[in-house]
Amino acid sequence: MRVIDAMKRDWDERARKNAFHYIASWRTDWDARAFFESGEEDYRRLVKPILTEMNFEPRDKCMVEIGCGAGRMTRVFAREFAHVDAIDISDEMQRRAKEYLQDFPNIRWILADGATLSGVTAESADFVFSYLVIQHLPSHAIANTLLREILRALKPGGVFLLQFNSARRPTMNWKGRTAWGMVNALWSAGLQRAARMAASALALDPEMVGKSWHGIAIESADIRRILESAGAKSLRLTGEATPMAWCSGVCGVRVDS
Ligand SMILES: C[S@@+](CC[C@H](N)C(=O)[O-])C[C@H]1O[C@@H](n2cnc3c(N)ncnc32)[C@H](O)[C@@H]1O
């Protein structure tokens, strides 16, 4: 199975099992109200200060949200911006988002192919945002393509804000890595049942065995190199070498390759 098909299958499965939890895994007892309020809180905490600093006024502007999930932050984006292109690889996630956000005619739902923003018109976005998505991508090649696509989608002068994992050291301790190493080895050997049983015995989530869940880390220097080579300017990087790294900047003169 192609890695992109596996990504889509896994996110669809997570949506069916417990969409709110797999999107925002810091809580298990989400109800819809708390879930969408957490999206508003994240907008106030993570997005608004950056936009204000960049003198960016969202009213009348178009934005793209990559990895919208069940619409946790899409709702507040649809209130703040004139138009939102809400993109996700999982139609199961998007189905839930559409149900919750059916009163927002200014959201266009786009099913992603996993690496490009092919449904988004070139130079159509004033703002591109992504949170808790790039950290799950299974390869640097896919991340590279997606990052370049962001610059394609942005108007010159448009702004982006992206979260990614730039932890140099694995976020799991040695015990976690050893346990997952054993479980993954059983899975790779074709022993699916044994792998799930071993995961349960080791207090790991058996549903996560063999999944595309553990994504890549990207060095901040690499993010900078990729984005700048695609035409990004005024890059600002925070949280370097941590799982919660951020990169913001502006789309400058386009460099077509
Ligand atoms: C952890 S959730 C975060 C959702 C949302 N950003 C939030 O903060 O509520 C990750 C979402 O990204 C989507 N996703 C994963 N890989 C993707 C890709 N390559 N392209 C588009 N969406 C992707 C998943 O389907 C899932 O809905």
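Side-chain atoms are counted along with the backbone in the values below, which use heavy atoms only and exclude waters and symmetry mates. Numbering of ligands and ligand atoms starts at 1, following listing order.
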What atoms of ligand 1 come within less than 4.0 Å of a heavy atom belonging to [X]?
| X | result |
| --- | --- |
| Leu132 | 1 (C), 2 (S), 3 (C), 8 (O), 10 (C) |
| Gly69 | 27 (O) |
| Leu137 | 19 (N) |
| Tyr22 | 1 (C) |
| Ser90 | 25 (O) |

Exam field: side chain Gln135 to backbone Asn165, donor-acceptor pair closer than 3.5 Å:
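Not confirmed, Gln135 side chain does not pair with Asn165 backbone.
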Keeping Ser38 on the side-chain end and Phe35 on the backbone end, is there a donor-acceptor pair under 3.5 Å?
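Yes; at least one donor-acceptor contact below 3.5 Å.
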Polar proximity ligand 1 side, [X] side, N/O cut 3.5 Å exclusive:
| X | answer |
| --- | --- |
| Glu65 | no |
| Gly114 | yes |
| Tyr131 | yes |
| Cys68 | no |

Classify the angle between the aromatic ring planes of Phe129 and Tyr131 as parallel (below 30°), tilted (30 to 60°) or perpendicular (above 60°).
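Tilted.
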Go through it in stages, so that I can follow the logic: the residues are Asp5 and Lys8, the test is salt bridge (Lys or Arg N to Asp or Glu O under 4.0 Å), and I'd like the CA-CA distance, side-chain angles, deciding distance and then a yes or no.
CA-CA 5 Å; Asp5 297 331; Lys8 181 186 158 26; over 6 Å; no
Nearest to atom 13 (C) of ligand 1 by heavy atom, Thr116, Thr74, Asp88, Leu117: which?
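Residue with the shortest heavy-atom distance to the ligand atom: Asp88.
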Measuring from atom 17 (C) of ligand 1, which candidate in Ile110, Ile23, Ile89 has the nearest non-hydrogen atom?
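Looking at heavy atoms only, the winner is Ile89.
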Quick check on Lys48: does its NZ atom have over 12 non-hydrogen neighbours (other residues, nucleotides or ligands) under 6.0 Å away?
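No.
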For Trp11, which part has a heavy atom under 4.0 Å from ligand 1: side chain, backbone, both, or neither?
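The side chain, only.
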All N/O donor-acceptor pairs, side-chain side in residues 54-66, below 3.5 Å, sequence neighbours left out:
residue	atom	partner	partner atom	Å
Glu57	OE2	Arg59	N	3.0
Lys61	NZ	Glu57	O	2.9
Glu65	OE1	Thr74	OG1	2.7

Can you list everything that forms a ring-ring contact (aromatic ring centres under 6.0 Å, His included) with Phe36? Sequence neighbours excluded, please.
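Applying ring-ring contact (aromatic ring centres under 6.0 Å, His included) to Phe36 gives Tyr100.
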Decide yes or no for Gln163 and Val133: does some side-chain heavy atom of the first lie under 4.5 Å from some side-chain heavy atom of the second?
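In short, these two side chains do not touch, never coming nearer than 4.5 Å.
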